*Asks:* 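Can you keep this structure in mind? I'll have questions shortly.
Naming: A, B, ... by sequence-line order, numbering from 1 per chain. Since this is a predicted model, take the numbers as computed values, not measurements.
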Amino acid sequence: MSYVLRISRRGFLKTAFSAGALILCARVFPGKALDALAAEEWYPGVYLGIEPDGTVIIVAHRSEMGTGIRTALPMVAADELDADWARVRVVQAIGDPKYGDQNTDGSKSIRDFYAPLRQAGATARLMLERAAAATWGVPAAECRARNHQVVHAGGRTVGFGELVVRAAKQPIPGKDELRFKTPADFRYIGKGVPIVDFDDICTGKGIYGIDARMPGMVYASIERSPVLGGRLTSYDDKEARKVKGVLRTVTIEAAQPPYGFQALGGIAVIATSSWAALRGRQKLKVAWEPGANAGYESESFRTTLLETVRRPQKVVRSIGDVDAVFARGGTIREAEYYVPHLAHATMEPPAAVAEYKNGKVTAWAATQNPQAVQDAVAKAVGIAKQDVICHVTLLGGGFGRKSKPDYVVEAALLSKKVGKPVHVTWSREDDIRHDYYHTVSAMYLKAATDAQGRPTAWLQRCAFPPIPSTFDDSVRYGGDGELAQGWVDVPFDIPNLRAENGPAQSHVRVGWLRSVANIYHAFAVQSFIDELAAAAGRDRIEYFLDVLGRPRTIDFKAEGTKYANYGKPLDQYPWETGRLRRVIEVVAEKSGWAKRKPEKGRALGFAAHRSFFSYLAVVVDVQMDEQGRISIPRVDVAVDAGRVVHPERVRAQFEGAAVFGASLALMGEITAAQGRIQQSNFDDYPVARIGEAPKETHVHIVPSDGLPTGVGEPGVPPIAPALCNALFAITGKRIRQLPINKTKLT
Amino acid sequence: MKKIAFKVNGVARSYSGNPDMPLLWYLRDELHLTGTKFGCGKGLCGACTVHLDGEAVRSCITSMKSVAGKKIVTIEGLSAKGDHPLQKAWKELSVPQCGYCQSGQLMQGAALLKEKPKPTDQEIDDAMQGNICRCGTYERIREGIKQAAGVKS
């Protein structure tokens with residue numbers, strides 16, 4: 001049990017750093033309330049410290065779920081410090097607002113923390129240089145940090161470690177005093193370093209939430225209502241308690257809407273081992289009052305959503321006069337699309353251990369958002385946020401599921417009742433049946449076209465139970481954030497264009513899933529543009545570029561459109577169609593699009609999409625045999641993600657996203673009958689395996705000096721439409737409902 | 001209760017609890033060898049793969065009574081220094097993402113290489129079809145096995 005660590009908030013830094021270390025944070029915040037700091041404040045110090053032996057300790061405040069962020073962000077600080085990476089130690093942060101946002105979600109870790117981590121490195125570097133200058137009695141301008149030491153113009157050198165005591169006495173430099181490296185001087189940024197966790201991962205030593213242990217802990221397995229909002233009416237735990245190792249059962253009060261991050265409620269079997277808890281649970285006899293969601297049938301709900309999008313709805317963007325063009329008649333095309341619920345199915349199901357003791361909670365959790373753990377646990381057990389210590393383990397996949405801390409709340413509530421640390425591991429069945437599902441959606445598109453097949457009017461309507469309704473159950477319309485994800489920002493240069501959104505009510509918990517609303521919006525839009533190109537008999541990419549128009553910056557303000565732009569100002573992160581055009585040209589060239597000869601049972605499919613400020617174009621090479629079996633020999637992805645910090649991990653993200661996108665497109669579907677989720681495990685909720693996944697994914701990173709943008713999610717949205725576009729080219733059948741395996745193609 | 005004797009990573013062990021308990025929970029909860037992961041509990045995902053007398057098995061559906069007299073090797077025992085050719089290839093090619101499934105992938109791959117030292121792409125895909133990776137590292141898993149096997153890509 002090497003992973004037993006029980007340290008207080010104050011003890012955290014003491015554990016991470018030895019006495020005598022230069023810890024910038026201690027000097028940056030003399031007595032200032034940590035909670036009072038805003039995310040944008042100038043606070044370089046919380047991330048970095050240097051030990052007297054020269055070890056540079058860099059705090060990773062974002063969660064590692066496979067993106068490499070626990071390596072990449074510390075690497076940025078190390079580069080600016082000019083540290084030797086071999087002498088850097090990465091320490092995982094607990095949840096604490098002083099680090100700024102820790103919700104590792106929204107493809108924003110590098111985007112939002114590239115600059116702060118560079119500032120942290122540059123600050124420490126300047127302080128070390130000034131300390132060396134003072135030691136030598138020379139001007140600071142003559143001293144430069146080089147590879148873990150400071151070098152004087154005269155040739156003298158001194159190691160970082162030897163400077164710690166003197167550097168700690170230096171005043172913290174102001175932001176305007178900092179010097180930053182030019183890209184030519186980068187040692188690691190744009191090149192990369194080995195991932196810090198790979199040794200542990202490859203030897204089975206990596207510690208995930210499911211592996212975290214606390215002394216004296218017990219294991220819990222929880223039976224929850226099969227219908228969201230159901231209430232436990234009676235139970236018989238006699239047989240369960242007879243199972244060897246079962247200690248007792250504990251009920252958890254049913255959550256009330258809005259469900260937010262509450263524990264769902266139910267009855268937990270507490271045992272001395274995982275297996276005893278699972279077996280005991282199988283022997284529970286439980287009766288539920290299913291409640292208001294028992295009428296939820298996903299099949300009839302599909303009809304409801306489609307009916308919604310056939311009628312006029314709330315206008316969220318309008319250019320010109322769509323209705324006038326449609327009234328004139330001519331060539332008009334319409335299509336309806338549908339994307340079902342999806343489950344995250346992280347390989348590690350939700351798992352955490354928590355101990356409630358003396359009015360405080362300590363948790364070890366596989367969480368994307370330790371501060372949300374603090375908030376949700378504090379609220380549930382009735383203590384202050386700062387009395388919840390949340391340690392972050394490695395995450396066995398996240399994809400948005402582990403941004404929601406309900407399972408940590410369960411562990412904390414149970415610990416309070418049991419008086420011991422409680423480890424909660426969800427079974428796969430729990431995970432599939434009680435997820436915060438990717439929402440279900442319907443889209444309707446209509447276009448009038450001219451003699452060249454070019455759209456003169458374009459209408460699009462969508463309806464889906466919105467994620468904000470998980471937090472406010474009166475919400476029915478899509479949130480600004482959801483509508484900004486590939487819906488309001490359709491980039492085509494069409495004189496008459498209208499986007500609408502209709503209402504829908506949720507009957508399951510819905511939540512963020514890798515690339516979120518972009519999945520269904522891109523599926524509809526990127527399919528429909530392909531339909532128009534096919535109807536016009538034109539090359540798909542040539543047609544797309546024609547409709548995209550001349551390179552321009554979309555002026556949402558001038559056209560009176562409210563565009564959320566992922567929460568960032570448009571002048572900082574504009575929507576530039578020229579960048580989309582560029583990646584399309586690159587992917588066309590790299591995939592050999594123009595040279596491709598028609599072949600029976602094999603074709604290329606194309607899609608292009610901007611999300612999380614990154615511009616993507618994808619060509620998928622699809623093969624279908626006579627039995628209708630689909631394989632994907634190759635995917636080409638061209639991406640403009642601004643400055644790329646760790647190219648190898650960026651490629652890995654797009655490789656993985658191609659698999660994730662192919663998986664949801666080919667076979668992903670969650671359905672409900674009588675409010676109960678009908679899938680339960682990987683047999684009835686299949687995900688792509690090695691044989692179904694794209695065999696090769698070639699990632700083409702377009703060089704850019706722009707601000708770094710998202711890479712974790714943007715690779716997903718174009719895959720499903722590109723696949724379906726290729727299948728249309730092969731079969732002449734247009735797939736408008738996912739997953740693809742719903743449609744008979746032969 | 002009758003004692004069940006076996007070896008785990010070369011160490012003799014005995015077990016006298018419920019003989020129906022899956023090996024997975026014994027390894028994780030009793031020996032604290034948490035490198036073997038829970039993923040589905042039904043032999044559907046491969047995250048819990050270990051070697052039983054050299055063969056890859058799903059420990060989540062392998063009962064304790066069935067391991068009597070057998071040699072079990074887990075990811076912790078795959079190599080003394082983390083330097084099995086697959087472990088080296090995994091790091092050289094940066095195969096893992098979240099890493100959760102990789103213990104199982106490595107154990108499955110190691111069993112394949114023992115049986116077929118120079119596997120073809122199809123043999124690799126057939127052998128690895130039972131091991132799910134949600135991060136989608138399959139292409140690099142295939143490359144990693146080929147590199148360890150010295151098979152040309």
*Asks:* Roughly how far, to the nearest 0.5 Å, is CZ of B:Arg28 from CD1 of A:Ile210?
*Replies:*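 That separation rounds to 4.5 Å.
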*Asks:* Looking only at heavy atoms, what is the nearest atom pair of A:Thr697 and B:Glu139, with distance?
*Replies:*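 Scanning both residues, the minimum pair turns out to be N-OE1, 2.7 Å.
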*Asks:* Nearest 0.5 angstrom please: A:Trp275 CH2 to B:Asp20 CG, how far?
*Replies:* 5.5 Å
*Asks:* What are the residues of residues 59-84 of chain B, in order of number, with any heavy atom under 4.5 angstrom from a heavy atom of chain A?
*Replies:* B:Ile75, B:Glu76, B:Gly82
*Asks:* Do you know which of A:Thr203, A:Val659, A:Asp200 has the most heavy-atom pairs with chain B at a distance under 4.5 angstrom?
*Replies:*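 Highest number of heavy-atom pairs under 4.5 Å: A:Thr203.
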*Asks:* I'd like to verify something: which residue of B:Cys101, B:Ala47, B:Pro22 has the highest number of heavy-atom pairs under 4.5 Å with chain A?
*Replies:* B:Pro22
*Asks:* Assess the residue pair B:Asp121 and A:Lys695 against the criterion (salt bridge (charged side-chain N to carboxylate O under 4.0 Å, His left out)); give the C-alpha distance rounded to whole Å, side-chain angles, the decisive distance to 0.1 Å, and a yes or no.
*Replies:* CA-CA 10 Å; B:Asp121 277 20; A:Lys695 187 148 190 196; 3.2 Å; yes
*Asks:* Are there residues of residues 63-71 of chain A whose heavy atoms fall under 4.5 Å of chain B's heavy atoms? If so, which?
*Replies:* A:Met65, A:Gly66
*Asks:* How close do B:Gln102 and A:Ile201 get, counting heavy atoms only, and between which atoms?
*Replies:*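 For B:Gln102 versus A:Ile201, the nearest heavy atoms are CB-CG2, 4.2 Å.
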*Asks:* Could you check A:Asp211 against B:Lys37 for side-chain contact (heavy atoms from CB on, under 4.5 Å), going step by step and ending with a plain yes or no?
*Replies:* CA-CA 9 Å; A:Asp211 306 321; B:Lys37 300 302 190 201; 2.4 Å; yes
*Asks:* If you compare all heavy atoms of A:Arg651 against all heavy atoms of B:Arg140, which two are closest, and at what distance to 0.1 Å?
*Replies:* C-NH2, 4.1 Å
*Asks:* Find out whether A:Met347 and B:Cys45 are in side-chain contact, i.e. whether some heavy atom of one side chain is under 4.5 Å from a heavy atom of the other.
*Replies:* yes
*Asks:* Of the listed residues (A:Glu429, A:Gln653, A:Arg514, A:Arg649), which shares the most heavy-atom pairs with chain B below a 4.5 Å separation?
*Replies:* A:Arg649
*Asks:* Do you know which two heavy atoms are closest between A:Gly204 and B:Ser103, and how far apart they sit?
*Replies:*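 In terms of heavy atoms, the two residues are closest at CA-OG, 4.0 Å.
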*Asks:* Need one label for A:Leu395: side chain, backbone, both or neither, based on atoms under 4.5 Å from any heavy atom in chain B.
*Replies:* backbone
*Asks:* Side chain from CB out, backbone as N, CA, C, O: work out which of these in A:Leu278 comes under 4.5 Å of a heavy atom of chain B, or both, or neither.
*Replies:* side chain
*Asks:* Is it the case that the side chain of A:Tyr208 and the backbone of B:Cys98 share a donor-acceptor pair, with hydrogens and angles ignored and the cut-off at 3.5 Å?
*Replies:*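 Yes, because the side chain of A:Tyr208 sits within donor-acceptor range (under 3.5 Å) of the backbone of B:Cys98.
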*Asks:* By side-chain contact (heavy atoms from CB on, under 4.5 Å), which residues pair with A:Asp199, not counting sequence neighbours?
*Replies:*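 By the side-chain contact (heavy atoms from CB on, under 4.5 Å) rule, A:Asp199 matches B:Lys91.
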*Asks:* Can you measure from OG (A:Ser274) to CD (B:Glu30) and round to the nearest 0.5 angstrom?
*Replies:* 10.0 Å
*Asks:* Can you tell me which portion of B:Phe38 sits under 4.5 Å from chain A's heavy atoms? Options are side chain, backbone, both or neither.
*Replies:*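 Looking at B:Phe38, backbone and side chain both touch chain A.
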*Asks:* When rounded to the nearest 0.5 angstrom, what distance separates NZ in B:Lys42 from CZ in A:Arg428?
*Replies:* 11.5 Å
*Asks:* Rounded to the nearest 0.5 Å, what separation is found between the CG atom of B:Asn131 and the CD1 atom of A:Ile690?
*Replies:*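 Answer rounded to 0.5 Å: 9.0 Å.
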*Asks:* A:Cys202 and B:Lys88: side-chain contact (heavy atoms from CB on, under 4.5 Å), yes or no, with the steps?
*Replies:* CA-CA 9 Å; A:Cys202 293; B:Lys88 287 202 277 192; over 6 Å; no
*Asks:* Has the side chain of A:Arg689 got a donor or acceptor atom that lies under 3.5 Å from a matching backbone atom of B:Gln129?
*Replies:*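 Indeed, once roles are kept as given, a pair shorter than 3.5 Å links the two residues.
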*Asks:* Does any backbone or side-chain atom of B:Thr137 lie under 4.5 Å from a heavy atom of chain A? Answer side chain, backbone, both or neither.
*Replies:* neither
*Asks:* Mark yes or no for whether B:Gln97, through its side chain, and A:Ala652, through its backbone, hold a donor-acceptor pair below 3.5 Å.
*Replies:* yes
*Asks:* Quick check: does any side chain N or O of B:Asp29 sit under 3.5 Å from a backbone N or O of A:Ser273, one acting as donor and the other as acceptor?
*Replies:* no
*Asks:* If you look at every heavy atom in A:Arg279 and B:Asn18, which pair is closest and at what distance?
*Replies:* NH1-ND2, 3.3 Å
*Asks:* Taking side-chain contact (heavy atoms from CB on, under 4.5 Å) as the definition, give me every residue that meets it alongside A:Ser663, ordered by chain and number, with sequence neighbours left out.
*Replies:*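 Partners of A:Ser663 under the side-chain contact (heavy atoms from CB on, under 4.5 Å) test: A:Met667, A:Val687, A:Ala688, B:Arg134.
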*Asks:* Please give me the minimum heavy-atom distance between A:Phe682 and B:Cys40, naming the atom from each residue.
*Replies:*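 Shortest heavy-atom separation between A:Phe682 and B:Cys40 comes out as CD1-CB, 3.9 Å.
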*Asks:* Take atom CD of B:Glu55 as the centre, draw a 6.0 Å sphere, and report whether it contains more than 12 heavy atoms from other residues, nucleotides or ligands.
*Replies:*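 12 or below, so no.
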